[in-house]
Structures are given as C-alpha cells and as structure tokens.
Amino acid sequence: MIGSVQVPSDQGAKGHSDADVLLHAIVDAMLGALNAGDIGRHYPDSDPALKDAESSRFARETAALVRAEGWKLVNVDATVLLERIRLAPHVPEIEQRLAERLDIDVAGVNVKAATNEGLDAIGEGRAIACHAVVLIARDRR
C-alpha cells in the first residue's frame, strides 16, 4: 500500500499496521506541524489493537485532530523514495485517495517518486522511504 493504493510489486513493506510509508510520513508531518509528537506516540506498534490497522485511519484521525486544534490543512507535499516500483502511473489515484482521507482539495496534494540511484538499502531495492511536508494555517472560520 502506498497512499491507500495497492501498487503492484513482488515485494511488500513490513510493519505493525499496513505499513503504508506515505501515509505514515504524512501523519508524522501533521503531528509535527501541531507540535504533537509523532506517529509512534499516537499509534504505538506495541498496541495489539493496531496490528494490521489501515494507515488511512491514522491519516483521517490526525487530519481531524488538526481541525480540532483550530487549524486547517492547506497542502501536502511528499516524495516517495523507492528503486524498483514505477509509482508515476499511480500518482493521480494516490493524490485523489489522500485528498479524500485528509478531507482537502486534491489540488492541495502533491506526490512525487524518486530513486536513490542505487545507493544504500533503498537504492538496492530492499527498503522504501518517504519525506512529507504539510502546511497548516489557523482556521479563521
């Protein structure tokens, strides 16, 4: 799963939840923008109730927390680092799914893919990573 989209691959990510690296990075970015810790504090892998949980749940709940704290999510920008999987054909669907889960306009969601040029575990195709940045603004409604 990448951004709530099943991307065909002969490999898969390992994790306590569904291991959606893109959603995990976005959740961390939202929590960071709120100065509210990280995904491990809110959704610890030691919690058996979260075993195999869908990361989309974490994203929806964290976006709701952003709003509950008096902020609005303006946009999301993320780069997925992976070597073997061709992500580009899936980006429009990923962006649409992210917009739905975060309850923002799809125009405020940008997802990119990059390789690691053969370097380290990512470049060798043994790992995947993601960098995400979110912009939040005070909701003046």
Side-chain angles (χ1 to χ4, degrees), residues 1-117 119-141:
M1 296 297 286
I2 300 176
S4 289
V5 172
Q6 186 68 47
V7 177
S9 173
D10 61 349
Q11 298 174 310
K14 294 179 185 175
H16 186 68
S17 66
D18 65 4
D20 188 325
V21 67
L22 177 54
L23 283 174
H24 285 221
I26 291 169
V27 168
D28 262 338
M30 288 188 289
L31 291 168
L34 290 175
N35 194 27
D38 63 19
I39 193 169
R41 183 189 314 172
H42 293 263
Y43 303 100
D45 62 7
S46 58
D47 184 345
L50 298 176
K51 178 73 174 138
D52 299 323
E54 292 184 13
S55 298
S56 60
R57 168 188 159 193
F58 308 156
R60 282 191 308 272
E61 290 175 358
T62 306
L65 176 63
V66 168
R67 290 186 293 277
E69 293 291 325
W71 298 88
K72 65 180 176 180
L73 188 57
V74 178
N75 67 22
V76 174
D77 181 53
T79 303
V80 181
L81 300 163
L82 67 174
E83 201 69 21
R84 295 187 188 146
I85 301 169
R86 293 265 313 132
L87 198 60
H90 306 281
V91 166
E93 183 181 6
I94 291 169
E95 290 176 341
Q96 182 62 47
R97 295 257 181 106
L98 291 174
E100 292 166 3
R101 277 140 186 83
L102 300 172
D103 195 25
I104 64 172
D105 190 287
V106 71
V109 180
N110 188 56
V111 174
K112 306 171 296 292
T115 69
N116 232 26
E117 303 295 329
L119 300 174
D120 69 27
I122 294 169
E124 293 170 2
R126 297 183 293 111
I128 182 172
C130 183
H131 302 288
V133 177
V134 300
L135 175 63
I136 62 173
R138 276 288 178 203
D139 193 350
R140 303 285 183 206
R141 288 185 259 167

Give every donor-acceptor pair under 3.5 Å between a side-chain atom in residues 26-39 and any protein atom, sequence neighbours left out.
| residue | atom | partner | partner atom | Å |
| --- | --- | --- | --- | --- |
| Asp28 | OD1 | Ile39 | N | 2.7 |
| Asp38 | OD1 | Gly40 | N | 3.1 |
| Asp38 | OD1 | Arg41 | N | 2.9 |

Could you check whether any side-chain heavy atom of [X] comes within less than 4.5 Å of a side-chain heavy atom of [Y], counting everything from C-beta outward?
X: Leu23; Y: Ser4; value: yes
X: His24; Y: Cys130; value: no
X: Trp71; Y: Val66; value: yes

Query raised in the report: Given the rule in the side-chain contact (heavy atoms from CB on, under 4.5 Å) test, do Leu102 and Val134 qualify, once you have shown the distances and angles that lead to the verdict?
Result: CA-CA 11 Å; Leu102 300 172; Val134 300; over 6 Å; no

Query - Residue list, side-chain contact (heavy atoms from CB on, under 4.5 Å) with Glu83, at least two apart or on another chain - result: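 Per chain and number, Glu83 pairs via side-chain contact (heavy atoms from CB on, under 4.5 Å) with Thr115, Asn116.
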
Query raised in the report: How would you list, by chain and number, every residue that makes a side-chain contact (heavy atoms from CB on, under 4.5 Å) with Val133, sequence neighbours excluded?
Result: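 Val133 satisfies side-chain contact (heavy atoms from CB on, under 4.5 Å) with no residue once adjacent residues are dropped.
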
Query - side-chain contact (heavy atoms from CB on, under 4.5 Å) between Val106 and Glu100, worked out - result: CA-CA 8 Å; Val106 71; Glu100 292 166 3; over 6 Å; no

Taking only residues two or more places apart in sequence, or in another chain, which ones meet [X] in a side chain to side chain donor-acceptor pair (under 3.5 Å)?
X: Asp103; value: none
X: Lys72; value: none
X: Arg57; value: Glu61

Identify the two heavy atoms, one from [X] and one from [Y], that lie closest to each other, and give their separation to 0.1 Å.
X: Leu73; Y: Ile104; result: O-CG2, 3.5 Å
X: Arg138; Y: Glu69; result: NH1-O, 3.0 Å
X: Ala137; Y: Val74; result: CB-CG2, 3.8 Å

Requested in this report: State which residue, out of Leu22, Leu87, Ile94, fulfils the side chain to side chain contact (heavy atoms under 4.5 Å, CB included) condition with Val5.
Outcome: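 Among Leu22, Leu87, Ile94, the one that satisfies the side chain to side chain contact (heavy atoms under 4.5 Å, CB included) with Val5 is Ile94.
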
Report task. Run the numbers on Val80 and Ile85 for side-chain contact (heavy atoms from CB on, under 4.5 Å), then give the verdict. Result -> CA-CA 11 Å; Val80 181; Ile85 301 169; over 6 Å; no

Query - For Arg60, salt bridge (Lys or Arg N to Asp or Glu O under 4.0 Å) partners two or more places apart - result: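 Listed in chain order: nothing, the list is empty.
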
Query raised in the report: Mind checking what makes salt bridge (Lys or Arg N to Asp or Glu O under 4.0 Å) contact with Arg86, not counting sequence neighbours?
Result: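 In terms of salt bridge (Lys or Arg N to Asp or Glu O under 4.0 Å), with neighbours along the sequence ignored, Arg86 is linked to no residue.
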
Report task. Calculate, to the nearest 0.5 Å, the distance between atoms CG and NE2 belonging to Leu81 and His131 respectively. Result ->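 With rounding to 0.5 Å, CG (Leu81) is 4.5 Å from NE2 (His131).
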
Query raised in the report: salt bridge (Lys or Arg N to Asp or Glu O under 4.0 Å): which pairs involve residues 87-96, sequence neighbours left out?
Result: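 Those involving residues 87-96 are Glu93-Arg97.
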
Requested in this report: May I ask you to decide if Val109's main-chain N or O and Asn75's side chain share a donor-acceptor pair within less than 3.5 Å?
Outcome: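 The answer is no, because no donor-acceptor pair under 3.5 Å joins these two groups.
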
Report task. Sort and list the pairs that fulfil ring pair (Phe, Tyr, Trp, His ring centres under 6.0 Å) and have at least one residue in residues 29-53, not counting sequence neighbours. Result ->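 Every pair satisfying ring pair (Phe, Tyr, Trp, His ring centres under 6.0 Å) with a residue in residues 29-53: Tyr43-Phe58.
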
